[in-house]
Amino acid sequence: GSSWSYIGPDGERMWPKRYPFCGGVFQSPIDFHNNILQYDSTLLPIKPEGYNVPLTEQFVLTNNGHSVQMSLSPAMSIRGLLSKYSAAQLHLHWGNQDKQEGSEHTVGGRHFAAELHIVHYNSDKYPDLQTAADKADGLAVLAILIEIGSFNPSYEKIFSHFQDVKYKDQKTLIPGFNVQDLLPDRLDEYYRYEGSLTTPPCYPSVLWTVFRKPVQISAKQLLALETALYCTHPDDPAPLEMVNNFRRVQEFEERVVSVSFRE
Ligand SMILES: NS(=O)(=O)c1c(F)c(F)c(S(=O)(=O)CCO)c(N[C@H]2CCc3ccccc32)c1F
Ligand SMILES: [Zn+2]
């Protein structure tokens, strides 16, 4: 029941009034353009561990009113960072059927169709996501840019359940699958910077890894994402479609984005 939205009186321009960090430093998302990128040869490939979750396990898919989120197993983690980061949840950001440009991060000022975020917390230092969420070294989010192309059977393992989570607070169970199949194949090529949660409370606690290579889903899959879900409860007299749930790119002065790739 958080009191913020992406549109209207509680929209992103008003977030800082209730959530001061949203008007603070190190805010995300940002635009990746040439004169802020710096090659860093020390950046290691991201190494997912425990991502291949057996069919016998289940993920909880929830409509939380802002996005559709899938709980992840704490047995899932990523290596290659200073600490071990354990997976907590994944969720998506997208546009609408008339403007299919709903990614949060942009490249050369261009939006992708959508963006997947896999949220991890520093499990070397903190017991859970809530404790880690407001700590400077608390979170690591993997961002996967999504473009229109061929049908993606891995994303379909999530998308095929949208009819069961149409409305706020609805949940359903998804059999385990290899979450690594949601990632592009090049885990060694990415943008890296210190930023924030892109939703309130906007804590500046996120080490962002945005993969250079986008993944593809079909036009039909993207349309399902853009038209299936509502921000409101089933009985709400004023239903609100869950569309355009992306924050605009933030000012990025005197900050550098490290890249793990040359040209
Ligand atoms: N784009 S993003 O990766 O920054 C990001 C979101 F975009 C987003 F929507 C959520 S949420 O939990 O689904 C809803 C708002 O908290 C979270 N969840 C985070 C926000 C802070 C927090 C605290 C406890 C549990 C989850 C989260 C999030 F980290
Ligand atoms: Zn997100």
Side-chain angles (χ1 to χ4, degrees), residues 1-7 10-12 14-15 18-22 24-30 59-74 76 78 85-95 102-106 111-123 126-146 158 162 165 167-171 179 182-183 191-211 215 225 229-232 240 242-250:
S2 29
S3 60
W4 59 273
S5 75
Y6 287 99
I7 189 170
D10 297 330
E12 59 188 275
M14 313 306 281
W15 291 358
R18 254 194 216 120
Y19 305 96
F21 285 108
C22 297
V25 295
F26 295 124
Q27 291 298 287
S28 296
I30 60 172
F59 299 116
V60 179
L61 189 70
T62 306
N63 177 327
N64 64 28
H66 306 294
S67 182
V68 58
Q69 82 175 52
M70 192 169 90
S71 66
L72 297 172
S73 145
M76 291 173 57
I78 48 173
Y85 284 81
S86 296
Q89 53 116 295
L90 62 76
H91 60 270
L92 295 116
H93 301 268
W94 59 90
S103 69
E104 294 213 298
H105 291 90
T106 56
H111 279 271
F112 284 78
E115 191 167 329
L116 173 75
H117 289 159
I118 310 180
V119 183
H120 302 74
Y121 68 92
N122 185 333
S123 47
Y126 309 109
D128 54 41
L129 179 64
Q130 274 74 5
T131 311
D134 65 347
K135 309 298 188 293
D137 58 355
L139 304 181
V141 180
L142 301 183
I144 294 92
L145 299 166
I146 299 170
I158 300 171
F162 284 160
V165 290
Y167 302 99
K168 184 174 182 180
D169 298 332
Q170 290 185 332
K171 297 173 184 294
V179 176
L182 300 176
L183 274 53
Y191 304 88
R192 162 69 49 74
Y193 77 99
E194 293 181 351
S196 74
L197 297 172
T198 67
T199 60
C202 306
Y203 297 133
S205 61
V206 180
L207 187 65
W208 281 97
T209 299
V210 182
F211 292 110
V215 301
L225 178 61
L229 307 169
Y230 288 84
C231 304
T232 42
L240 201 60
M242 190 181 284
V243 291
N244 307 320
N245 60 347
F246 61 95
R247 189 187 195 183
R248 274 54 184 176
V249 293
Q250 305 296 301

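We use all heavy atoms of the structure for the numbers below, so side chains are in, but hydrogens, waters and symmetry mates are not. Note that this is a predicted model, so its numbers are computed, not measured. Just follow the structure's listing: the first ligand is 1, and inside any ligand the first atom is 1.
- In terms of the side chain to side chain contact (heavy atoms under 4.5 Å, CB included) criterion, residue partners of E194 (sequence neighbours excluded) are, by chain and number, L207.
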Begin from the C-alpha positions of I30 and Y191 and carry the test side chain to side chain contact (heavy atoms under 4.5 Å, CB included) through to its verdict. CA-CA 11 Å; I30 60 172; Y191 304 88; over 6 Å; no
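- Side-chain contact check for T232 and K168: no donor-acceptor pair (N or O, by modelled atom type) lies under 3.5 Å.
- Residue R247 forms a side chain to side chain contact (heavy atoms under 4.5 Å, CB included) with just one option from P200, S196, S28, and that option is S196.
- Among protein atoms, those of element N, O or S found less than 2.8 Å away from the Zn ion (ligand 2) are H91 NE2, H93 NE2, H117 ND1.
- Heavy atoms of L129 found under 4.0 angstrom from ligand 1 belong exclusively to the side chain.
- Distances from atom 17 (C) of ligand 1 to the heavy atoms of Q89, Q130, H66, H93 show the closest one on Q89.
- At a 3.5 angstrom cut-off on N or O pairs, S67 does not count as close to ligand 1.
- F26 pairs by the ring pair (Phe, Tyr, Trp, His ring centres under 6.0 Å) definition with nothing, not counting sequence neighbours.
- Between E104 and ligand 1 there is a heavy-atom distance shorter than 4.0 Å.
- Among H117, H105, E115, the one residue that satisfies the side chain to side chain donor-acceptor pair (under 3.5 Å) test with H93 is H117.
- Between F246 and G102, the shortest heavy-atom distance links the atoms CB-O, 3.4 Å.
- Each of L61, V119, L142, V179 was evaluated against L90; a single residue qualifies, V179, per the side chain to side chain contact (heavy atoms under 4.5 Å, CB included) test.
- Scanning A88, A133, A132 for the heavy atom closest to atom 22 (C) of ligand 1 points to A133.
- Interface atoms of ligand 1 facing H117, defined by a heavy-atom separation under 4.0 Å, are 1 (N), 3 (O).
- Residue contacts with ligand 1 for N64 involve side-chain atoms from C-beta outward but no N, CA, C or O (heavy atoms, distance under 4.0 Å).
- Within ligand 1, counting atoms from 1 as listed, the ones closer than 4.0 Å to a heavy atom of V119 are 3 (O), 29 (F).
- Not counting sequence neighbours, Y85 has no partner by the ring pair (Phe, Tyr, Trp, His ring centres under 6.0 Å) test.
- Residues I146 and L225 fail the side-chain proximity criterion, which asks for heavy atoms closer than 4.5 Å.
- When only modelled atom types and interatomic distance are considered, Y126 and D137 share a side-chain donor-acceptor pair under 3.5 Å.
- Checked against a 3.5 angstrom limit, the closest N/O atoms of S196 and ligand 1 fall outside it.
- Using a 4.0 angstrom heavy-atom cutoff, W4 counts as in contact with ligand 1.
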